[in-house]
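Accompanying notes for the structure given below.
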Amino acid sequence: MPQEPDFPPAKRFRPGSPFFRLSKKPGMLLPRKGNAAVPTDVQRRRLPIYQARSQLIVQLRQLHSAVLIGETGSGKTTQIPQYLYEAGIGRQGMVAITQPRRVAAISLAGRVAEERNSPLGKLVGYTVRFEDVTSPDTKLKFMTDGMLLREAIGDPLLLRYAVVVLDEAHERTVHTDVLFGVVKAAQRRRSEQNRLPLKVIVMSATMDVDLFSQYFNKSPVLYLEGRQHPIQVFYTKQPQSDYLQAALVSIFQIHQEAPPSHDILVFMTGQEEIEALARTCRDIAKHLPETCGPMTVIPLYASLPPVQQLRVFQPAPKGCRKVILSTNIAETSITISGIKFVIDTGMVKAKRYNPDSGLEVLAVQRVSKAQAWQRAGRAGREDSGSCYRLYTEEEFDNLTGMTVPEIQRCNLTSVVLQLLALGISDVLNFDFMSKPPPESMRMALEQLDLLGAVDRKDDQVSLTPLGKKMASFPLEPRFAKTILVSPDFSCTEEVLTIVSLLSVDTVLYNPPARREEVLAMRKKFMSSEGDHMTLLNIYRAFKKVSGSKEWCRENFVNSRNMGLVTEVRAQLRDICIKVYHGLESSLADLANVRRCLAHGLFVNAAELQPDGSYVALHTHQPVSIHPSSVLFQAKPAYVVFNELLHTSRCYMRDLCLVDPEWLQDAAPEYFRRKLRGDALQWEKMPQMLPPVTSEILSGC
DNA sequence: TGGCTACAA
């Protein structure tokens, strides 16, 4: 289990200051603070980290593994790779610097290339999905953690690299967590085989580093001071029952008291909540007395069109206050300058996973201390700031220290397939930094077994030839399987399209205010065979007009996501051609396409009951058709679906009508007695059918 | 029979 991190008491909190641990950690480096930067090469020397450069180089030269703590603004991400290069450390191979996000990998590479005065793609390059800007000259390679993981499948020892820098390790994405284990194993095996040593540098912005250090053989921790400014933190005196109301009051309190140039950033949970509060704020702002200046309220969340997202960067007109209402996208992904006040509701929408039911639930919950500090830190990027926490100090003390790593709360089917593809057969004992729940691992193995991806003999698990092929797709195993069976049904082109459509955020644009219009436009694409076929119709129509943006607008189709679909599709198609040396298409025979979906999604099958309700065959839980489905008013006997969404009920989303015989064909053993008329199955084989908990039942 | 999705590849 993750250890409770040792966080600074709020009152003495100075972001970027590691002083409170000075006595404990002798490895600390104490740079002098620099001033605001002016030219480019001088800029590097003015970064806080520069003062520690020579010490860092000495340390990094001798250490096999190091943990580096540095707040935002310390310059660690751009400078460490250059220091390594300048000192000739790891020149025998490349230096990989991983990032959880694409934009970060790309922009960091750009900045470092500029600092080196070298064209991007030469000495400094980057690799992210769909884009590889590197050359044989590339020594410093910025990449997404997912890309390095994918490379590891072909090269588990990561022999091209002399140094791997895992940045933003505190975010604990699934990919980073798997990489921890992969680089640690590669490091050990390379040393055993007397190969070029692999140096591992873990970089994190938070103080909960003991876990990192312990995991990497008690490696030393180096501290760097950042260039954050002091932040005053305020708590409410009483617990707030309504955080939205509390946010509203706080916004206008600040608005009445603070100079209008001081912008406010409010952290909330989701789109609907944000839009509602935005409306309320605008209404109230209209009716304020003259003494109060005007206010511009800007919502910010991921599904917002890019043009509207950019609004947060535009300065408000003089004398007007900018109030940004944001999801946690502003916590990490988008950095907004000029924020003087942060209001933290203390809530976040996060995914939870129940391995028994396979249910992923998106629920509003309290943030962790680490998240609360991350949010507060957004107020002190250029100058000192304030953070108003809409909860009491006692409530803060009771928050969990760090956010539960994603790997402990998600479906692990893809992870396990990837581990197996890396040649790790003892997946159940893989050296995770934070072990995922054993039920999640078992569930994942069971799913892979059902899909025909693995052979299990006693405790030894190995990939089948099909499983090996599945691992070559950057997809969830069930979708890889769907593609891989498609040649048997001569419909690879169609299946590729459908899987690509499912790989991106929805291409359907549904502005609530124009609901009737949307419905009328969408009618012409609707298929009685289900949502997948409806999506296929939309894609075909989109291609017919050569991806016209105008057509997208008229038909309420998100053209950005549609463009992404095209990219994903091309990538999947390339992989397909490599695996199969050819493609086939049935053009009109959509039944075959549905057969493929049955082969990939059969674990997500549901059966119509005599009373008109549906039951999921895998878990026997009652499920319903989501109102957004084209099959909402239909009553097909059997369907497969993409996912279950747990809101007021358990809703199946994205449905496809199937024949029960197809399900039998897809997994004869599994379905032998699962289909209608086997009520006793439940009691006979409890180990295959985990009991439905009362929690699930009451929620459905 | 009736709901609405944080982030990432």
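Chain letters run A, B, ... following the sequence lines, proteins first, then strands; residues in each count from 1. On a predicted model such as this, the values are computed, not experimentally measured, just so you know. Worth knowing before you read on, the calculation uses all heavy atoms, side chains too, and leaves out hydrogens, waters and symmetry mates.
A salt bridge is absent between A:Glu476 and A:Lys481; no separation between the charged side-chain nitrogens and carboxylate oxygens falls under 4.0 Å.
Note: CD1 (A:Ile274) to P (B:dT5) measures 13 Å, nearest angstrom. With rounding to whole Å, A:Leu508 atom CG is found 13 Å from B:dC4 atom C1'. Here B:dC7 presents its P atom at 13 Å from CD of A:Glu171, a figure rounded to the nearest Å. Distance CG (A:Asn561) to P (B:dA8): 12 Å, rounded to an integer number of Å. Rounded to an integer number of Å, the gap from A:Asp177 CG to B:dA8 P is 18 Å. Atom CE of A:Met652 and atom P of B:dT1 are 17 Å apart (whole Å). The separation between A:Phe142 atom CZ and B:dA9 atom C1' is 20 Å, rounded to whole Å. Spacing between atom CG of A:Asp132 and atom P of B:dA9 amounts to 16 Å, rounded to whole angstrom units.
In this structure A:Phe430 satisfies the ring-ring contact (aromatic ring centres under 6.0 Å, His included) test together with A:Phe432, sequence neighbours excluded. Partners of A:Ser107 under the side chain to side chain contact (heavy atoms under 4.5 Å, CB included) rule, at least two apart in sequence or in another chain, do not exist in this structure. Residues passing the ring-ring contact (aromatic ring centres under 6.0 Å, His included) test with A:Phe473: none are found, sequence neighbours excluded. Under the rule for a ring-ring contact (aromatic ring centres under 6.0 Å, His included), A:Tyr301 has no partner lying at least two apart in sequence or in another chain.
Using a 4.5 Å heavy-atom threshold, the side chains of A:Met433 and A:Ile407 count as separate.
Using cut-offs of 30° and 60° on the angle between ring planes, the pair A:Phe341 and A:Tyr388 is tilted.
At a threshold of 4.0 angstrom between heavy atoms, the contacts of A:Tyr651 are confined to the sugar-phosphate backbone, with no base atom among them. Within the nucleic acid shown, A:Gln271 comes within 4.0 Å of sugar-phosphate atoms alone, with no base atom in reach, counting heavy atoms only. Counting non-hydrogen atoms under 4.0 angstrom, A:Ala302 reaches the backbone sugars and phosphates but no base.
In the set B:dA6, B:dA9, B:dC4, B:dC4 carries the atom at the smallest distance from any side-chain atom of A:Leu645. Residue A:Lys349 places its side chain closer to B:dA6 than to any other of B:dG3, B:dA6, B:dT1. The nucleotide whose nearest atom lies closest to any side-chain atom of A:Ser628 is, among B:dA6, B:dT5, B:dG3, B:dG3. Side chain of A:Asn328, nearest nucleotide from B:dC4, B:dA6, B:dA9: B:dA6.
Contact between A:Phe632 and A:His626 at its shortest, heavy atoms only, is CD1-O, 3.7 Å.
Across residues 99-110 of chain A, A:Pro100, A:Arg101, A:Arg102 each have a non-hydrogen atom less than 4.0 Å from an atom of DNA chain B (numbered order). Remark: A:Ser503 in residues 498-506 of chain A come within less than 4.0 Å of DNA chain B through at least one heavy atom.
For the pair A:Arg378 and A:Trp373, the cation-pi criterion (under 6.0 Å, within 45° of the ring axis) is not fulfilled. Both tests do not hold together for A:Arg522 against A:Phe556: distance to the six-membered ring centre under 6.0 Å, angle to the ring axis within 45°.
Phosphate contact (OP1/OP2 of B:dC7, side-chain N/O of A:Thr327, threshold under 4.0 Å): present. Close to B:dG2, at under 4.0 Å from its OP1 or OP2, lies a side-chain N or O of A:Arg649.
Where A:Pro627 and A:Glu476 meet DNA chain B, the nucleotide closest to each residue was compared, and A:Pro627 sits on the side nearer the 5' end.
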